[in-house]
Amino acid sequence: MPRSCVVVGAGVLGVCVAARLAEAGAKVTLLEQARPGHAATRSSFAWLNSNDKAPRAYHDLNRAGMRAWAELAHSADGAPSADGAGHQAWYRPSGNLEWADRAEEHAELTARVRRLTGWGYPATLIGAAGAAELEPALRLPPSVTEVAWFPEEGYLLTEPMVAQMAALATGRGTTVLTGSAARVVGIDAPNGAVQAVRMSAGQVIPADAVVCCAGRWTPQVAALAGVACPVPLVPWSSPGAEAPGLVVQAGPVDGLTRMVHAPDVHLRPGSGGLVHLEAPDVAVDLHTPDAKLRDWAAELLRRARHVVRGLDDAEVTGYRVCVRPMPADGQSIVGWLPGADGLYVAVTHSGVTLGAHLARLITAEVTGGAPAAELEPYRPGRFAPTGSRPLA
Ligand SMILES: Cc1cc2nc3c(=O)[nH]c(=O)nc-3n(C[C@H](O)[C@H](O)[C@H](O)COP(=O)(O)OP(=O)(O)OC[C@H]3O[C@@H](n4cnc5c(N)ncnc54)[C@H](O)[C@@H]3O)c2cc1C
């Protein structure tokens, strides 16, 4: 078991990994260049689901992620929510309602429900009246007669979750350093073995293991160790890049309690009486002019008013383009980086759904446990240049 571990990045992955490593008895330092949770995690739609995840192994990993949050939300310290089930206030297993407005999409939804049911994933088609009973705030178009209901899905309020996980890590002895001085600018790995991490303010932290949870910055941070194996992500900074997405906040909303996936807008309740909105057809990037973002935000609220009551007096309270850390082949990248003993990387889309479960698996591997079979498809070695792939 490594004596000292440095975790780089305090998004959902970093805080969960730090809390688990500390629980396992490691001496942990968590380094965050800004504020915990400020990047993808804060802006995430944070839908806990394995609704349309393929292939089957990835579906199962996400399902395990959903279960892990349910367990963690019961066992983590802190005040239980008022839901009577003893959950943390940031854990919202609200269920999710989805419908389609065109025959082709409805056929896809029906087939998906059938496939998921066959995999043992709770999913069912219910009538419009049943949907209205589950979510009285719904304003279903009269043409919709069938709605898919996914009762075990839900969402997290990521800011209080990150705060609690960081506090849990600290309570277990983790040193948490934040702000620009804590930006990692070097990883010393003489002879191919990690020895220390260098921070921008000049501080050097000895490390037997470095767990890189740096989200979209993971390729650059991993490269600091000077290894040949890349950690390729979908481009995010260039015009037209696919990784950025628009998240809109609006409110006040009265009465919405569940996740709702309507054909042209997705809604989830937020904190403070707000609702988060996303839409599948919004194409924005980090260069999109603010006026266009504002127009999109107004358009999403307009669409939301059509499907949910209680938004008549709502206004857009915020909108933001944020970047999804998306591995180039769409699958998670999790494991020891070939070529640098002691450097572990973890970067993934669906990191909110997967965070609590990945943290357990990563901690077991970093502290010397057997490699987790369920992580085998996601090893960074699949991107190693030909000839440098580790032997199976
Ligand atoms: C719009 C949007 C919608 C999404 N919807 C969902 C969803 O519905 N469900 C779901 O499961 N997932 C969703 N995701 C994906 C999910 O939010 C991410 O996969 C997850 O938040 C990634 O967490 P992370 O900890 O890996 O990265 P981040 O939250 O980005 O954290 C990485 C951290 O590393 C720090 N860092 C980077 N470099 C350094 C350095 N050199 N030194 C120190 N610190 C450093 C950063 O400052 C940052 O805080 C969505 C993402 C977005 C953007």
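Just so you know, ligand 1 is whichever comes first in the structure, and atom 1 is the first atom listed for that ligand.
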#### Entry: Main-chain N/O of Leu134 paired with Trp149 side-chain donor or acceptor, under 3.5 Å
no
### Task
For ligand 1, find out whether one of its N or O atoms is nearer than 3.5 Å to an N or O atom of Leu13.
yes
### Task
Could you tell me the residue and atom name of the protein heavy atom closest to atom 6 (C) of ligand 1, and the distance to it rounded to 0.1 Å?
Ser44 OG, 3.3 Å
#### Entry: Nearest-neighbour protein heavy atom for atom 18 (C) of ligand 1, which is reported as residue plus atom name and distance
Gly351 N, 3.8 Å
### Query
Who gets closest to atom 46 (C) of ligand 1 by heavy atom: Tyr155, Trp217, Phe45?
Trp217
### Summary
Candidates Gly215, Gly11, Ser350, Pro325; heavy atom nearest atom 22 (C) of ligand 1 found on Pro325
### Query
Out of curiosity, does Leu246 fall in the hydrophobic cluster containing Leu277 (side-chain heavy atoms, cut-off under 4.5 Å, transitive links)?
yes
### Message
Does the residue Arg216 have a heavy-atom contact with ligand 1, meaning some pair of atoms that are separated by less than 4.0 Å?
### Response
no
### Query
To the nearest 0.1 Å, how far is atom 48 (C) of ligand 1 from its closest protein heavy atom, and which atom is that?
Glu32 OE1, 3.4 Å
### Query
Does Val347 come within less than 4.0 Å of ligand 1, judged by its heavy atoms?
no
### Task
Tell me which protein heavy atom sits closest to atom 1 (C) of ligand 1, plus the residue, atom name and distance to 0.1 Å.
Val247 CG2, 3.5 Å
### Message
Could you identify the single nearest non-hydrogen protein atom to atom 21 (O) of ligand 1 and state the distance to 0.1 Å?
### Response
Thr41 OG1, 3.0 Å
### Polar contact flag, side-chain donor to acceptor under 3.5 angstrom, Asn96-Arg258
no
### Message
Quick check: Val8 and ligand 1, any N/O pair under 3.5 Å apart?
### Response
no
### Query
If hydrogens are left out, which of Met66, Arg324, Met326 has an atom nearest to atom 51 (C) of ligand 1, that is, the closest non-hydrogen atom?
Arg324
### Query
Is there a side-chain contact between Leu157 and Met161, using heavy atoms and a 4.5 Å cut-off?
no
### Query
Is a donor on one side and an acceptor on the other found under 3.5 Å between the side chain of Asp188 and the backbone of Ala196?
no
### Message
Polar contacts were defined as any N/O atom of the residue lying under 3.5 Å from an N/O atom of the ligand; does this apply to Trp47 and ligand 1?
### Response
yes
#### Entry: Whether over 12 other heavy atoms sit under 6.0 Å from Arg309 CZ
yes
### Task
Determine, considering heavy atoms only, which of Leu48, Leu358, Val323, Thr218 sits nearest to atom 53 (C) of ligand 1.
Val323
### Query
In terms of residue, atom name and distance, what is the protein heavy atom nearest to atom 44 (N) of ligand 1?
Gln33 N, 3.1 Å
### Query
Does NZ or CZ of Arg294 fall inside the cone over Trp296's six-membered ring, less than 6.0 Å from its centre and within 45° of the axis?
no
#### Entry: Residues Ile205, Leu177; criterion side chain to side chain contact (heavy atoms under 4.5 Å, CB included); working and verdict
CA-CA 11 Å; Ile205 302 184; Leu177 302 176; 4.2 Å; yes
